[in-house]
Amino acid sequence: MKIEIRGVEKLSFRERQVVALKEMGLSQEKIAAQLGLSPATVATIYHRARTKGYEVVIILPGETLGIFDAGEGEGEGRGEGDKQSS
């Protein structure tokens, strides 16, 4: 799994750290412990970052969803219905 933060240039370095860890599913307490902050500070930083309008995109390989075999690359294994008609 990969995450991409769109609009990251709007965030400070600390906001990027908190957002990345939060979006990866870590609890406020775990983020606080990892970054040496209080949970209240993590909440404040996360709230401030959310007001700046970033977006998070999660990229999952197809095999983790059972869509493609592990040996297939992107674009392989798609049916005719997936192609665009002209």
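For the numbers below, each heavy atom of this structure counts, side chains included, while hydrogens, waters and symmetry mates do not.
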Derivation of the salt bridge (Lys or Arg N to Asp or Glu O under 4.0 Å) call for Glu4 and Lys2: CA-CA 7 Å; Glu4 176 183 316; Lys2 296 179 182 177; over 6 Å; no
Between CD1 on residue Ile45 and CZ on residue Arg16, distance to nearest 0.5 Å: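 Taking CD1 in Ile45 and CZ in Arg16, the distance rounds to 13.5 Å.
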Say you draw a straight line from CZ of Arg50 to NZ of Lys22; how long is it, rounded to the nearest 0.5 Å?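 The CZ atom of Arg50 sits 9.0 Å away from the NZ atom of Lys22.
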Look at atom CZ of Arg48 and say whether more than 12 heavy atoms of other residues, nucleotides or ligands are closer to it than 6.0 Å.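 Above 12, so yes.
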Would you find more than 12 non-hydrogen atoms of other residues, nucleotides or ligands less than 6.0 Å from Lys52 atom NZ?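 Counting neighbours around NZ of Lys52, more than 12 heavy atoms of other residues, nucleotides or ligands fall under 6.0 Å, so yes.
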Within the 4.5 Å heavy-atom criterion, are Tyr46 and Glu23 side-chain neighbours or not?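 Yes, close enough: below the 4.5 Å cut-off.
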Any side-chain heavy atom of Val57 sitting closer than 4.5 Å to one from Ile3?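 Val57 vs Ile3: side chains apart.
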NZ/NE/NH1/NH2 to OD/OE distance under 4.0 Å, Lys10 and Glu15: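 Result for this pair is no, no salt bridge flagged.
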Short side-chain to backbone donor-acceptor contact, Gln28 and Pro39, under 3.5 Å: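 It does hold such a pair.
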Report the C-alpha distance between Ser38 and Thr41 in whole Å, list the side-chain angles of each, state the deciding distance to 0.1 Å, and finish with yes or no for side chain to side chain donor-acceptor pair (under 3.5 Å). CA-CA 5 Å; Ser38 72; Thr41 301; 2.9 Å; yes
When hydrophobic residues are tied together by side-chain contacts of less than 4.5 Å, even through go-betweens, does Ile59 share a cluster with Leu21?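 Ile59 does not cluster with Leu21.
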Treating Ile, Leu, Val, Met, Phe, Trp and Tyr as nodes and any side-chain heavy-atom pair under 4.5 angstrom as an edge, say whether Ile31 and Phe13 lie in one connected cluster.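 Result: no, two separate clusters.
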Before giving the answer on side-chain contact (heavy atoms from CB on, under 4.5 Å), spell out for Arg14 and Leu37 the whole-Å C-alpha distance, their side-chain angles and the decisive distance to 0.1 Å. CA-CA 11 Å; Arg14 187 62 96 183; Leu37 303 169; 4.0 Å; yes
Identify the two heavy atoms, one from Val19 and one from Ala49, that lie closest to each other, and give their separation to 0.1 Å.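 Where Val19 meets Ala49 most closely, the heavy atoms are CG2-CB, 3.6 Å.
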